[in-house]
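The block underneath contains the structure these notes are about, expressed in structure tokens.
Just so it is clear: chains get the letters A, B, ... in the order the sequence lines come, proteins before strands, and each one is counted from 1.
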There are 2 protein chains.
Amino acid sequence: MPDIGDVARLAGVSNATVSRALSGRGSVSPRTQERVREAARELGYAVSANASGLASGKTANVGVVVPFLSHWFYTAVIEGAQAELTAHGYDVTLYNLMGSGDERRGVFERSLARKRVDAVIAVSLELTDDELGLLRAVGKPVVGVGGPLPGSPSVAIDDVAVARLATSHLIALGHRTIAHLGGDPATERDFHVPSNRRQGYEAALNAAGIPVDPQLFHPTDFTIESGYASAKRMFADPDHVPTAIVAASDEMAIGALLAARDLGVRVPQDLSIVGIDGHGLAEFFGLTTVAQYPERQGKAAAEAVMRMMDGDASEPTLAPVEFDLVVRSSTARPARSER
Amino acid sequence: MPDIGDVARLAGVSNATVSRALSGRGSVSPRTQERVREAARELGYAVSANASGLASGKTANVGVVVPFLSHWFYTAVIEGAQAELTAHGYDVTLYNLMGSGDERRGVFERSLARKRVDAVIAVSLELTDDELGLLRAVGKPVVGVGGPLPGSPSVAIDDVAVARLATSHLIALGHRTIAHLGGDPATERDFHVPSNRRQGYEAALNAAGIPVDPQLFHPTDFTIESGYASAKRMFADPDHVPTAIVAASDEMAIGALLAARDLGVRVPQDLSIVGIDGHGLAEFFGLTTVAQYPERQGKAAAEAVMRMMDGDASEPTLAPVEFDLVVRSSTARPARSER
DNA sequence: ATGAAAGCGCTAACAT
DNA sequence: ATGTTAGCGCTTTCAT
């Protein structure tokens, strides 16, 4: 592996000039610039990240922390952030909190403190005060995605508004008996997303003067399986059969869709279903949903940390994240008019 | 941020001793060891990755390269690899090849050459000779996952055997008209997985003396949508309706399952379906499948690179990767006996 | 078992 | 525009 001295010698200049020519910082005559580039190419030279980082205090690397990886939302956020970061010369190192508490603490204590990264993007993390402290102690820009991050700017949709929109769509269609599949408050983590969505659902109902019926709420995990089970259970109780469902996620909604199908309940004739997310599978299932765009959120977070690293000390005010109601074939007016 | 000197001063020893005490290399008396640890804790000291890396030539970081992120298999592999790596003190930096060719080349030229990583794990990559050259030029341990990687050891299932197993299961049940949903050879990348699986399908047929009917092969993308479309098309041709389908992936199989449902074709009474993968959704859909275990593969790859980094210069012979036939409710004997 | 000291390969003043 | 030089914060011989 050639070092900067080899390049300097071949180009007939000093180390400093090579450094300047290759980094673009400082002034170098076009001619020398070209000669240095050429020499570097010829030698297959690449700067040592460690040496450069040690000398400059910058690593050109940002840490992305996720609670776990195997979920559509997280991978999409990472993909969006990484594309943006890579395009600007940053590498991405991934920290996965999944697993034991020990490892979890280690991520904050060891890895993030090691000056491995210039900034961190924290995705959908519900952190303890302890962890927040460690995160802040790193002294680097931090931005959240997917929910608020105390003390740091963050990119996230307004979950209340999103759920309100989904519910209003149903109300506008004429539905009045609307069930909600939402996260079980008991097992809730991750930014209170579930309870915010539930709030939005109730707000829409209230605004329309429709009483909130607790019997119409069904605690459900954010999975197809759980949505399926909830929907089946719902139809087992003939006194509380809704004409429509708003699910807190598309996966739940798809589960409900499948349950309806198995039960012979026609969607949307007998039952309307709306999800939240804009999951890749929603289109296939003809699911009406409120789409959020996780890749864009990742991209926005990446832009924010880069701005902050560029010395824009002021915590950037992040533009609100858009979401759209995407109407497909799982919602329609109720068959039996509900006055 | 305290540095090693601060710790040394507080503990009343030299920098060298701090380094030894904290890294575990070299000998330090238990007493000093404890004092140093204590001092480090008190100061919130963490070694600088850059300084340590520069001095030692090791980064405690491994690169994981994937073609893209948003797919079950890749995220599972990463999760498995990362858990293992993290447990041994390594960080993981993620390189995503998705996107333009320029960025793709940049990953190899810039990032991997920068001595950012001590080793690389390449997941399901079909690399050009050029890229393979660059990868090897890094001079670090490299192991593949999900398919062969010319010149490097790799962790992968035997796709031919897997498909043979899936197909044999159907044959053993009494099926003789077995369709195959497989990757379109035209658009194939990624290790020839599709054609290997097709080969396995044909091998099983041959072994049973069943002629291979090209009409029974349906080029299909590795998605639910595409599996759905293929299955629908299949039933549009009454002359070539199979009693069973072996799909090259679980997602295809689930699509076919859904298509059958929509068509009123009962599974498994009228049609048996077997997938390949062990996808998370397979259980929900009652899909019989041949499960591979991507997390385990990721873990195995991580173990292999760690062994190689520990100076085990000999390229490790990797243990073959297991797979299992998981029989659920999508396969049964054919209704009309097919002699 | 511990300390002294020489780098690791680069960047960033500071000169010129 | 370019060269000189002093570190960046560690690890690692080499002594002791």
* To do: May I have the distance from B:L54 (atom CG) to C:dA6 (atom P), rounded to whole angstrom?
  => 17 Å
* Asked: Roughly, in whole Å, what's the span from CD in B:E34 to P in C:dA1?
  -> 17 Å
* To do: Round to a whole Å and report the spacing from CG of B:D3 to C1' of D:dT11.
  => 14 Å
* Asked: Does the pair B:E34/B:R31 count as a salt bridge with the N-to-O cut at 4.0 Å?
  -> no
* For the side chain of A:S29, starting at C-beta, report the closest nucleotide among D:dA1, D:dT11, C:dG9. => D:dA1
* Find the distance A:N50:CG to D:dT11:C1' and express it as a whole number of Å. => 13 Å
* To do: Before accepting this row, confirm whether a basic side-chain N of the pair B:E38/B:R41 lies closer than 4.0 Å to the acidic partner's carboxylate O.
  => yes
* Between B:A16 and A:R25, which has a closest nucleotide on DNA chain C that is more 5'? -> B:A16
* To do: For the side chain of A:S56, starting at C-beta, report the closest nucleotide among C:dA12, C:dG3, C:dT2.
  => C:dA12
* Sugar-phosphate only, base, or nothing, as touched by B:T32 at under 4.0 Å among non-hydrogen atoms -> sugar-phosphate
* To do: Could you check how far CZ of A:R20 sits from P of D:dG3, rounded to whole Å?
  => 8 Å
* Asked: Under 4.0 Å between a Lys/Arg side-chain N and an Asp/Glu carboxylate O for B:R9 and B:D6?
  -> yes
* So does B:K140 have more than 12 non-hydrogen atoms from other groups sitting under 6.0 Å from NZ? -> yes
* Structure fact -> Taking C:dG3, C:dC10, D:dG3 as options, the one with an atom nearest any side-chain atom of B:S14 is C:dG3
* To do: Measure the CG-CD1 distance between A:N96 and B:I78 for me, rounded to the nearest 0.5 Å.
  => 9.5 Å
* Closest to side chain of A:A51, choosing from C:dA1, C:dG9, D:dT2 -> C:dG9
* Euclidean distance, atom CG of residue A:L43 to atom C1' of C:dG9 [Å, nearest integer] -> 15 Å
* Rounding to a whole Å, what distance do you find between B:K58:NZ and D:dC10:P? -> 19 Å
* Asked: Is the distance from OP1 or OP2 of C:dC10 to the nearest side-chain N or O of A:S19 less than 4.0 Å?
  -> no
* Asked: Between C:dT2, D:dC10, C:dG9, which one does the side chain of B:S52 approach most closely?
  -> D:dC10
* B:N15 CG to C:dA6 P, straight-line distance once rounded to whole Å -> 14 Å
* A:V13 or B:T17, whichever maps to the more 5' nucleotide of DNA chain D -> A:V13
